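These notes concern the structure reproduced below.
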Amino acid sequence: TFGPVDPGYTDYPEMQAEVARLVGLYPTLASQQVIGKSFEGKDIVALKISDNVGVDETEPEMLFTANQHAREHLTVDMALYLANMLLNDYGSDPAITKIVDNREIWIIPMANPDGATYDFATSSYWRKNRQPNSGSTAIGTDLNRNWGYKWGCCAGSSGVKSNDTYRGSAAFSAKETQVIRDFVLSRRVAGVQQITEHLDIHTYSQLVLWPFGYTTSTVVAPLTADAYAAHRAIGTEMADLNGYWPGQASGLYIADGIISDWMWADQKIFSFTFEMYPKRSDLFEQFYPPASVIPAQTSRNRQALIRLAQYADCPYRSISKEN
Ligand code: 0X9
Ligand code: CA
Ligand code: CA
Ligand code: ZN
């Protein structure tokens, strides 16, 4: 298993360069914003894609987050594939054109730039951020255990600072989760959250997951029967299109303090998790498949992402309801 990270993956400076390249090439459709700094002071970048990108229009907004987990390098390339798909095919692909004209899409390609940079440098299968923990030499918080809904509730995270799923000293104790939370909260206009759908991108196992992760219960407040059914319907449609397996997040194992549970419970944003290539049984590739897989394993999600975007005006349409 287990050579170094393939330099064919996109590292932090390359991500910044690619975002800048796209904004330069498509100034009316793409803009970038530094939404805050990582623990080590790196910029956390959000790319906005829409027609009239300089105007905050009244269009359904979507958020994509990638690379909360440092070693999941393929997810950065997935986020940049999405950006390229929307921008390069605008004006030629009718489905893409309609999405860019009628949505405001936010992409955070690298939620954990400190961890990703460390993993590129060390090829150490690093997962967490790089924030020190008081009273310990162990570094890092698992960002996807640090979110503030049911934080640490349910044995789906660790209180041990050296553990790979260490949840942090408190909900939102990590700088990076604070920054992304505050960005999401900033998308409320007159008290109405503008973001309707969110996708959090991980590797691996080839799964499409929906809330909740903290419990195996399906319909549990504030996830209504209709909201659960709509998550399941959209998630299953996406899985039909990308060949992943659909399921509730907790089906794999209980995880508490995850981003998706917060997105729904706190903001009523429909929220999904992708676990990308390889599939669970591919024990030899895991987090570091060769970069030669990037084109096939990003483009396989094209139709699923288009479908998700098409539902952003009314996710309940997936179950033939208004809301
Ligand atoms: O454990 C995670 O944070 C995610 N899997 S990963 O292998 N990329 O670390 C899954 C989060 C949601 N899933 C579960 N509740 N199991
Ligand atoms: Ca627009
Ligand atoms: Ca808007
Ligand atoms: Zn992950």
Side-chain angles (χ1 to χ4, degrees), residues 35-36 44 46 60-69 75 79 82 103-109 111-112 142-154 156-157 167-168 171-172 174 176-189 191-202 207-215 217-224 226-235 238 246-251 254-275 304-305 308-309 311-316 318 323:
I35 61 171
I44 297 178
E61 300 188 18
M62 301 177 72
L63 175 64
F64 294 85
T65 50
N67 204 199
Q68 283 201 91
H69 290 145
T75 66
L82 169 64
R103 306 283 181 264
E104 292 180 309
I105 295 168
W106 300 97
I107 303 171
I108 301 174
N112 180 8
D142 183 347
L143 299 182
N144 207 30
R145 298 295 183 278
N146 190 242
W147 290 78
Y149 185 70
K150 300 283 185 186
W151 177 80
C153 70
C154 302
S157 59
R167 68 178 75 99
F172 296 117
E176 296 81 6
T177 56
Q178 290 170 25
V179 165
I180 299 170
R181 172 200 63 192
D182 291 347
F183 173 73
V184 171
L185 296 178
S186 79
R187 299 316 307 153
R188 294 178 299 188
V189 175
V192 180
Q193 176 57 255
Q194 300 298 297
I195 300 170
T196 62
E197 290 180 330
H198 163 250
L199 175 65
D200 189 38
I201 307 171
H202 291 254
L207 305 172
V208 178
L209 304 173
W210 55 81
F212 286 122
Y214 81 89
T215 176
S217 297
T218 55
V219 177
V220 51
L223 189 57
T224 62
D226 280 354
Y228 186 87
H231 274 97
R232 184 178 53 197
I234 296 170
M238 289 196 287
Q248 185 175 331
S250 56
I254 297 280
D256 49 43
I258 68 173
I259 189 172
S260 259
D261 286 6
W262 183 85
M263 288 285 173
W264 178 262
D266 204 85
Q267 295 295 306
K268 301 301 177 293
I269 295 169
F270 280 79
S271 183
F272 299 88
T273 301
F274 277 5
E275 296 281 359
L305 297 174
L308 181 65
Y311 278 123
D313 62 319
C314 182
Y316 291 102
S318 64
N323 57 50

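On a predicted model such as this, the values are computed, not experimentally measured, just so you know.
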Next item on the list: Would you check if Phe274 and Met238 make a side-chain contact, meaning some heavy-atom pair closer than 4.5 Å?
Entry: yes

Check: Which is it for Tyr214 and Ile258 under the side chain to side chain contact (heavy atoms under 4.5 Å, CB included) test, yes or no, and what are the steps along the way?
Finding: CA-CA 8 Å; Tyr214 81 89; Ile258 68 173; over 6 Å; no

Next item on the list: Return the minimal non-hydrogen interatomic distance between Pro315 and Ser318, and the atom names on each side.
Entry: O-OG, 2.7 Å

Check: Shortest non-hydrogen contact from Ala265 to Pro222?
Finding: CA-CG, 3.7 Å

Next item on the list: Verify whether one side chain among His202 and Asp200 offers a donor that lies under 3.5 Å from an acceptor in the other.
Entry: yes

Notebook entry, point to check: For Asp313, does its backbone N or O pair with a side-chain atom of Thr196 as donor and acceptor, under 3.5 Å?
Noted result: no

Notebook entry, point to check: From Leu223 CG over to Phe270 CZ, what is the distance, rounded to the nearest 0.5 angstrom?
Noted result: 8.0 Å

Checklist line | Heavy-atom side-chain proximity of Ile201 to Leu82 below 4.5 angstrom | finding: no

Next item on the list: Test side chain to side chain contact (heavy atoms under 4.5 Å, CB included) on Leu199 and Leu305 and set out the steps.
Entry: CA-CA 9 Å; Leu199 175 65; Leu305 297 174; 3.6 Å; yes

Notebook entry, point to check: Quick check: does any side chain N or O of Asn67 sit under 3.5 Å from a backbone N or O of Thr75, one acting as donor and the other as acceptor?
Noted result: no

Note to self: Under a plain distance cut-off of 3.5 Å, with no hydrogens placed, do Ser157 and Arg167 share a side-chain donor-acceptor pair?
What the structure shows: yes

Margin query: Contact between Arg188 and Gln267 at the side-chain level, heavy atoms closer than 4.5 Å - yes or no?
Written below: yes

Note to self: Please verify the inter-ring angle class for Trp147 with Phe172; under 30° counts as parallel, over 60° as perpendicular, anything in between as tilted.
What the structure shows: perpendicular

Notebook entry, point to check: Are side-chain heavy atoms of Asp266 and Val184 found at a separation under 4.5 Å?
Noted result: no

Checklist line | Asp256 (side chain) donor-acceptor with Cys154 (main chain) under 3.5 angstrom | finding: yes

Note to self: Applying side chain to side chain contact (heavy atoms under 4.5 Å, CB included) to Leu63 and Ile108, what does each step give before you reach the verdict?
What the structure shows: CA-CA 8 Å; Leu63 175 64; Ile108 301 174; 3.9 Å; yes

Check: Which of these, Tyr316, Tyr311, Trp264, sits in a ring-ring contact (aromatic ring centres under 6.0 Å, His included) with His231?
Finding: Trp264

Next item on the list: Quick one: closest heavy-atom pair of Ala255 and Asp261, and the distance?
Entry: O-OD2, 4.2 Å

Next item on the list: Determine whether Lys150 and Thr215 make a side-chain contact, defined as any pair of heavy atoms from C-beta on separated by less than 4.5 Å.
Entry: no

Item checked: Main-chain N/O of Thr177 paired with Gln68 side-chain donor or acceptor, under 3.5 Å -> no

Notebook entry, point to check: Are His69 and Asp142 side-chain neighbours, meaning at least one heavy-atom pair lies under 4.5 Å?
Noted result: yes

Next item on the list: Give a yes or no on whether the backbone of Gly257 and the side-chain of Asn146 come within a donor-acceptor separation of less than 3.5 Å.
Entry: no

Next item on the list: Work out which heavy atom in Ser250 is nearest to a heavy atom in Gly213; give both atom names and the distance.
Entry: CB-O, 3.5 Å

Next item on the list: Specify the closest pair of heavy atoms between Pro246 and Gly235, including all atoms of both residues, with the distance to one decimal.
Entry: CB-O, 4.1 Å

Checklist line | Main-chain N/O of Phe212 paired to Gln248 side chain as donor or acceptor, under 3.5 Å | finding: yes

Next item on the list: Determine the minimum heavy-atom distance between Arg145 and Gly156, stating which atoms define it.
Entry: NE-O, 2.9 Å

Margin query: What's the separation between atom CD in Glu104 and atom CE in Met62, rounded to the nearest 0.5 Å?
Written below: 12.5 Å

Check: Can you check whether Trp262 reaches Trp151 side chain to side chain, under 4.5 Å on heavy atoms?
Finding: no

Item checked: Test item: side-chain donor near acceptor, Gln194 and Trp106, under 3.5 Å -> no

Next item on the list: Kindly determine whether Leu308 and Phe64 satisfy side chain to side chain contact (heavy atoms under 4.5 Å, CB included), including the steps that lead there.
Entry: CA-CA 11 Å; Leu308 181 65; Phe64 294 85; 4.2 Å; yes

Check: Can you find a heavy atom in the side chain of Ile234 that is under 4.5 Å from one in the side chain of Glu197?
Finding: yes

